[in-house]
S.K.: 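Sharing a structure, written as structure tokens. Questions coming.
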Amino acid sequence: MGYCYLSVYVAGNPAQYISAKFRYIGVLRSHSNGLPLVMITFSGALAAYFVKRENIAIWGLYSYLFLLEIVWVYLVWRLFHFSSDKLPSYAALAGVESIIDILVLTIAIAFFPNRNLMLMGVLPLMVFSCYERVSVVPDQYLFPLTKFFCFLAIIVSGQKVLSSWFNKAILRNVEKQYLLAQFRRLALVDSLTDISNRRHFDEILLQEIRASERTGHPLGLVLIDVDYFKRLNDSAGHQSGDECLVEIAKILTVTANRPRDLAARYGGEEFVLLLPETDIAGCIEIAEALKRKLAVAKLPHPDSDIGSLVTISQGVTLWKEGMEAQELLECADNLLYQAKSSGRDRFIAA
């Protein structure tokens with residue numbers, strides 16, 4: 001390594017051209033030792049490019065790992081031979097083996113979820129370590145082989161245990177998140193109609209009232225009751241009654257479909273629509289749309305005083321400044337009662 005000086009004396013004079021030429025070759029050989037660093041930088045840049053694109057394929061990962069292995073083996077090999085020139089062979093071998101052991105453990109920990117990647121990363125280094133020891137101490141091949149197989153068994157068994165623990169931990173976390181989502185759904189969604197329940201409605205109503213107090217925007221409320229629903233259950237059966245409620249819930253969801261609109265089952269055969277940033281004209285438009293769509297749905301009612309189809313009565317109101325949630329609901333309920341008292345199949349707005 002370093003500079004190579006060669007002086008050739010012909011007829012008593014140094015051949016300076018030949019000396020300079022071999023000196024230049026020595027410089028090139030010295031700089032070639034930086035090739036692994038270039039390879040590491042290049043391969044890392046490739047990996048960063050693929051990861052940034054979030055489209056790295058498994059073949060790219062294997063290729064990068066293979067390139068990384070070549071670079072590390074080359075670096076350790078160069079380090080061993082460089083150390084052998086300065087230190088006794090046993091000392092150089094011990095240092096190189098320590099470096100390889102650290103690399104093997106690091107790669108094993110980094111790739112422990114994937115056994116194939118882990119083995120691809122650690123086996124070349126372990127084989128190289130075994131080869132270097134046998135080449136330095138050829139009469140004692142039993143120790144490197146024993147170390148190789150014991151180390152391999154420890155890594156493989158450790159990977160199996162850690163991977164199993166890791167998978168179980170992830171599975172438990174996924175199940176926990178799923179159960180939490182299910183519990184939240186059960187707490188906030190009506191199990192029959194699959195829309196919000198009374199509890200969720202009460203929470204959102206308080207939030208929207210605070211929002212209207214802060215912004216001054218209108219807040220509409222439509223309270224809905226299915227006409228003669230008890231008669232429907234008695235004459236057609238509870239199954240038909242449940243199917244009627246499910247269909248009405250679908251109509252409510254389709255009609256009030258803005259992001260902040262909320263359709264909820266208020267209780268029994270009663271439903272409610274919460275319409276943020278909607279004035280009384282907009283609320284009336286929603287109430288009329290509900291009547292039209294319900295008429296188009298043609299849900300049969302065998303025992304209704306109004307006709308042969310299911311109808312609804314509605315109380316339409318608007319939140320006023322200073323009004324509490326309970327006051328708003330009582331106002332809508334009074335309007336609903338007026339609609340029912342006036343003959344049903346209609347809405348009263350105020």
Side-chain angles (χ1 to χ4, degrees), residues 176-227 229 245-294 312-342 344 346-350:
K176 180 180 178 181
Q177 295 299 324
Y178 175 78
L179 289 175
L180 288 175
Q182 288 296 102
F183 289 148
R184 178 171 178 80
R185 177 178 174 80
L186 291 174
L188 302 180
V189 176
D190 180 64
S191 59
L192 175 63
T193 59
D194 204 31
I195 61 176
S196 295
N197 59 16
R198 174 68 180 273
R199 178 180 180 180
H200 189 213
F201 167 77
D202 289 339
E203 293 178 0
I204 301 301
L205 177 59
L206 293 176
Q207 295 178 16
E208 293 297 345
I209 288 178
R210 287 195 293 268
S212 293
E213 289 175 341
R214 184 175 61 255
T215 63
H217 294 163
L219 175 62
L221 183 73
V222 181
L223 192 59
I224 304 159
D225 184 81
V226 182
D227 295 329
F229 184 74
L245 295 178
V246 170
E247 292 301 319
I248 292 177
K250 292 179 181 178
I251 294 173
L252 294 179
T253 304
V254 171
T255 305
N257 55 8
R258 296 180 306 172
R260 286 174 60 188
D261 291 346
L262 180 67
R265 186 180 180 187
Y266 193 67
E269 71 274 16
E270 286 189 326
F271 295 88
V272 64
L273 287 180
L274 189 61
L275 306 171
E277 300 187 10
T278 306
D279 56 17
I280 194 65
C283 293
I284 292 175
E285 183 178 344
I286 291 292
E288 291 175 341
L290 289 176
K291 281 193 63 176
R292 291 196 305 269
K293 292 180 180 180
L294 185 59
I312 57 175
S313 299
Q314 307 174 70
V316 182
T317 189
L318 209 64
W319 173 83
K320 299 176 179 60
E321 187 175 356
M323 184 180 287
E324 298 291 337
Q326 189 61 35
E327 294 177 291
L328 178 62
L329 291 170
E330 288 177 357
C331 180
D333 189 59
N334 291 333
L335 294 171
L336 175 60
Y337 178 79
Q338 294 178 30
K340 293 171 68 175
S341 301
S342 302
R344 292 183 169 86
R346 67 194 65 202
F347 63 85
I348 300 295

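Numbers here are sequence positions counted from 1. None of these values were measured; they are calculated from a predicted model.
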S.K.: Is the shortest side-chain heavy-atom distance between Leu274 and Leu219 below 4.5 Å?
M.R.: yes

S.K.: Begin from the C-alpha positions of Ile312 and Phe271 and carry the test side chain to side chain contact (heavy atoms under 4.5 Å, CB included) through to its verdict.
M.R.: CA-CA 10 Å; Ile312 57 175; Phe271 295 88; over 6 Å; no

S.K.: Do Ser196 and Val189 have side chains that get closer than 4.5 Å, going by heavy atoms?
M.R.: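 The answer is no, as the side chains (C-beta and beyond) never meet within the 4.5 Å cut-off.
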
S.K.: Does a side-chain N-to-carboxylate-O contact under 4.0 Å join Glu208 and Arg260?
M.R.: yes

S.K.: If I take atom OG1 from residue Thr255 and atom CG from residue Leu273, how far apart are they, to the nearest 0.5 angstrom?
M.R.: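 So the OG1 of Thr255 and the CG of Leu273 are separated by 7.5 Å.
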
S.K.: List the steps, then state whether side chain to side chain contact (heavy atoms under 4.5 Å, CB included) holds for Thr193 with Leu252.
M.R.: CA-CA 11 Å; Thr193 59; Leu252 294 179; over 6 Å; no

S.K.: Could you measure the distance from the CD1 atom of Ile204 to the CD1 atom of Ile209? Nearest 0.5 Å is fine.
M.R.: 12.0 Å

S.K.: Any side-chain heavy-atom pair from Leu221 and Leu329 closer than 4.5 angstrom?
M.R.: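 A side-chain contact under 4.5 Å exists here.
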
S.K.: Using side-chain heavy atoms (C-beta onward) and a distance below 4.5 Å, is Phe347 in contact with Leu290?
M.R.: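 In short, these two side chains do not touch, never coming nearer than 4.5 Å.
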
S.K.: Taking Arg258 for the side chain and Pro276 for the main chain, is one N or O donor matched with an acceptor at less than 3.5 Å?
M.R.: yes

S.K.: Does Asp190 reach the side chain of His200, with side-chain heavy atoms less than 4.5 Å apart?
M.R.: no

S.K.: Apply the test salt bridge (charged side-chain N to carboxylate O under 4.0 Å, His left out) to residues Lys250 and Glu247: give CA-CA distance (whole Å), side-chain angles for both, the deciding distance (0.1 Å), then the verdict.
M.R.: CA-CA 5 Å; Lys250 292 179 181 178; Glu247 292 301 319; 3.7 Å; yes

S.K.: Calculate, to the nearest 0.5 Å, the distance between atoms CG and OG1 belonging to Leu335 and Thr317 respectively.
M.R.: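 It is 5.5 Å, given to the nearest 0.5 Å.
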
S.K.: State plainly whether the residues Glu213 and Arg210 are in salt-bridge range, i.e. N to O under 4.0 Å.
M.R.: no

S.K.: To the nearest 0.5 Å, tell me how far Asp279 CG sits from Ile284 CD1.
M.R.: 9.0 Å

S.K.: Verify, without hydrogens or angle tests, whether Ser341 (side chain) and Ala339 (backbone) share a donor-acceptor contact under 3.5 angstrom.
M.R.: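 Between the backbone of Ala339 and the side chain of Ser341 there is no qualifying donor-acceptor contact (under 3.5 Å).
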
S.K.: Is the shortest side-chain heavy-atom distance between Val316 and Ile280 below 4.5 Å?
M.R.: yes

S.K.: Should Leu328 and Leu205 count as side-chain neighbours, where that means a heavy-atom distance under 4.5 Å?
M.R.: yes

S.K.: State, with a plain yes or no, whether a side-chain heavy atom of Lys291 is found less than 4.5 Å away from one of Gln314.
M.R.: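 Yes, at least one pair of side-chain atoms sits under 4.5 Å.
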
S.K.: Is a donor on one side and an acceptor on the other found under 3.5 Å between the side chain of Asn257 and the backbone of Val254?
M.R.: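 Flag set: sc Asn257 to bb Val254 pair under 3.5 Å.
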
S.K.: Quick one about Asp225 and Ser313 (side-chain donor to acceptor, distance below 3.5 Å, no hydrogens or angles considered), yes or no?
M.R.: no

